[in-house]
Amino acid sequence: MQEKKISGFSKLSKSEKLRWVATHFAEDADAAEQELKCFWHEDEEQQRVFDGFSENTISNYFLPYGIAPNFLINGRLYAVPMVIEESSVVAAASSAAKFWHPRGGFKAEVLSTQKLGQVHFSWPGDIRQLRQRFPQLEQRLRTDAKHITRNMEQRGGGVQDIELIDLSNVEPDYYQLRVRFETCDSMGANFINSVLEEFGNSLKAFVAEQEAFSGKARELEIIMAILSNYTPDCVVRASVSCAVDALQGACPDMPAEEFAQKFAKAIRIAEIDPYRATTHNKGIFNGVDAVVLATGNDFRAIEACGHTHASQGGQYRSLSHCKIEDGVFTFWMDLPMAVGTVGGLTKLHPIARRSLDILGRPSANELMAVIAATGLAQNFAAVRSLITTGIQQGHMKMHLMNILNHLNAKPKEVKEAVAHFKDKVVSFTAVREFLKQYRKQLVPK
Ligand code: MEV
């Protein structure tokens, strides 16, 4: 037990770290070391870039990088890069993109782009006194942070607006500065957090300098200064729409009208039932996260934001909505998110950079449109399967291929297995047994 504890792990070289982990946490240390090492990039310069993203790295973790082609979004055709480990997701996005292409494709509109941050503070003074001085305080905050905001202002962004929020009715002496930002094509996390920390210092100093404040009222305590990942005013709306009749072909065995009604009912269920809503929204994030990852953006931030949005109104609900009015089917989603196409990993990660090139070097707004359209496409494809063939049909095919790969099946065996399992349940044991029997029957007696 004791020998598995270490101090100074971060100071070891990468090879030493790897050796230590393999020696203490693997049954076969040499095999573990070799396996983890074989995923090191052969180009040392590239490897140094990857190692620079995080700490204590001992290897790289590979995920598939796929493309969903034929995405018509706002009249422009995209091949959408997706990073995801789950089978069927890229196929589903591609199939939805193909379906909507001749029906006008996806429309996506960025409704607003403001991000939020907060300085949380405790203050025993009289908030009316601070409110009276707020114009001077705001001026002071802006002036003190000028060295951070100047560049962003030159790009057309910066601090939009600062509000003093009184929450002392729910927590004694608790107040906030709530700050709105425009960060143009960058996600803006570093910029926002730097400004907020500077605001915190200035606020504390401002209060300490007020001669009219006496005693404890000159002592303001900054609790924390940090952006909010909930960005309800940085939001994109993605939609698809067509005449109900034009849905013919969504499912070969179902008339368009029946498909539209059943689809709308499925969306309604996700609006009213949180259990279904969670799975439904997970399907949306299958698409969203895959593009977010491929473009070097922060999928945790975008997930957190989306789930908060889905809970507005006190109950977790579907992010997407559907209506059928005057014979027209419309399916849409508003998704708040903060993404960037400059700065952060978008420049440093070679594949993220490549993804942005494949997307035509989009602005942050255009990337929001692509991400939301992919999420909506994913949702359309999932719900279409659920209300028609069921989800397992597609999944099982991929599952079968994965198992066959794992069992080193030859092309002829794959063909036979696909035919055999067409109408049977796929399981690891069943596929292994099938291959065993198949191979046995080929052995000459
Ligand atoms: C699986 O990753 C995603 C789905 O469960 C989404 C859904 O149920 O809508 C298929």
Side-chain angles (χ1 to χ4, degrees), residues 63-68 71 80-100 106 238-240 247 250-251 253-254 258-294 299-300 302-307 309-311 315-324 329-335 337 371-403 425-428:
L63 284 175
Y65 181 75
I67 292 287
F71 256 96
V80 179
M82 300 175 78
V83 172
I84 186 150
E85 87 297 348
E86 185 177 330
S87 56
S88 304
V89 170
V90 178
S94 308
S95 132
K98 192 169 166 192
F99 178 81
W100 282 104
F106 293 79
S239 64
V240 284
L247 288 172
C251 170
D253 307 326
M254 203 183 271
E258 188 186 337
F259 174 83
Q261 294 297 343
K262 203 169 172 191
F263 190 96
K265 183 69 85 186
I267 304 302
R268 183 77 193 118
I269 289 168
E271 284 171 344
I272 59 183
D273 175 49
Y275 289 92
R276 173 58 203 149
T278 306
T279 318
H280 179 94
N281 290 346
K282 188 273 184 185
I284 291 173
F285 280 106
N286 275 347
V288 168
D289 285 356
V291 187
V292 169
L293 264 171
F299 66 94
R300 285 89 56 212
I302 287 161
E303 284 259 353
C305 183
H307 295 306
H309 181 65
S311 315
Q315 187 193 306
Y316 190 86
R317 295 178 191 280
S318 163
L319 286 164
S320 61
H321 309 281
C322 182
K323 65 177 181 189
I324 301 166
F329 171 93
T330 306
F331 178 47
W332 79 99
M333 161 173 83
D334 286 355
L335 195 63
M337 69 171 86
I371 292 169
T374 312
L376 194 71
Q378 202 61 46
N379 193 213
F380 178 81
V383 174
R384 175 171 66 171
S385 294
L386 287 168
I387 63 165
T388 56
T389 57
I391 208 75
Q392 283 309 84
Q393 197 180 75
H395 275 199
M396 277 305 135
K397 207 165 155 197
M398 297 297 280
H399 187 43
L400 174 62
M401 297 313 282
N402 285 340
I403 298 172
V425 175
V426 176
S427 73
F428 190 86

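Whatever order the structure lists ligands and atoms in, that order sets their numbers, starting from 1.
Looking at Asn286 against ligand 1, only its side chain comes within 4.0 Å, counting heavy atoms. Looking at Ile391 against ligand 1, only its side chain comes within 4.0 Å, counting heavy atoms. Contacts with ligand 1 closer than 4.0 Å are made by no heavy atom of Asn379, backbone or side chain. At a heavy-atom cutoff of 4.0 Å, ligand 1 is contacted by the side chain of Arg276 but not by its backbone.
Ligand 1 does not have Gln378 within reach: every non-hydrogen atom of the residue lies 4.0 Å or more from it.
Of the protein's heavy atoms, Thr279 CG2, 3.5 Å lies nearest to atom 5 (O) of ligand 1.
Remark: ligand 1 and Lys282 share an N or O pair separated by less than 3.5 Å (distance only, no angle test). Between His280 and ligand 1, no pair of N/O atoms sits closer than 3.5 Å.
No donor-acceptor pair under 3.5 Å is formed between the side chain of Asn379 and the backbone N or O of Asn281. The closest donor-acceptor contact from the side chain of Gln378 to the backbone of Val89 lies under 3.5 Å.
Among Asn286, Ile67, Val291, Leu293, the one residue that satisfies the side chain to side chain contact (heavy atoms under 4.5 Å, CB included) test with Met82 is Val291.
The distance from ligand 1 to the heavy atoms of Glu86 drops below 4.0 Å at these ligand atoms: 1 (C), 2 (O). Atoms of ligand 1 found under 4.0 Å from any heavy atom of Leu386, numbered from 1 in the order shown, are 7 (C), 8 (O), 9 (O).
Note on Glu271 versus Arg268: salt bridge recorded, some NZ/NE/NH1/NH2 to OD/OE distance being below 4.0 Å.
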Item to check | Steps toward side chain to side chain contact (heavy atoms under 4.5 Å, CB included) verdict (Thr374, Phe106) | outcome: CA-CA 9 Å; Thr374 312; Phe106 293 79; over 6 Å; no
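Looking at Phe285 and Val292, their side chains never come closer than 4.5 Å, going by heavy atoms from C-beta outward. Residues Ile267 and His280 are in side-chain contact: their nearest non-hydrogen atoms beyond the backbone lie under 4.5 Å apart.
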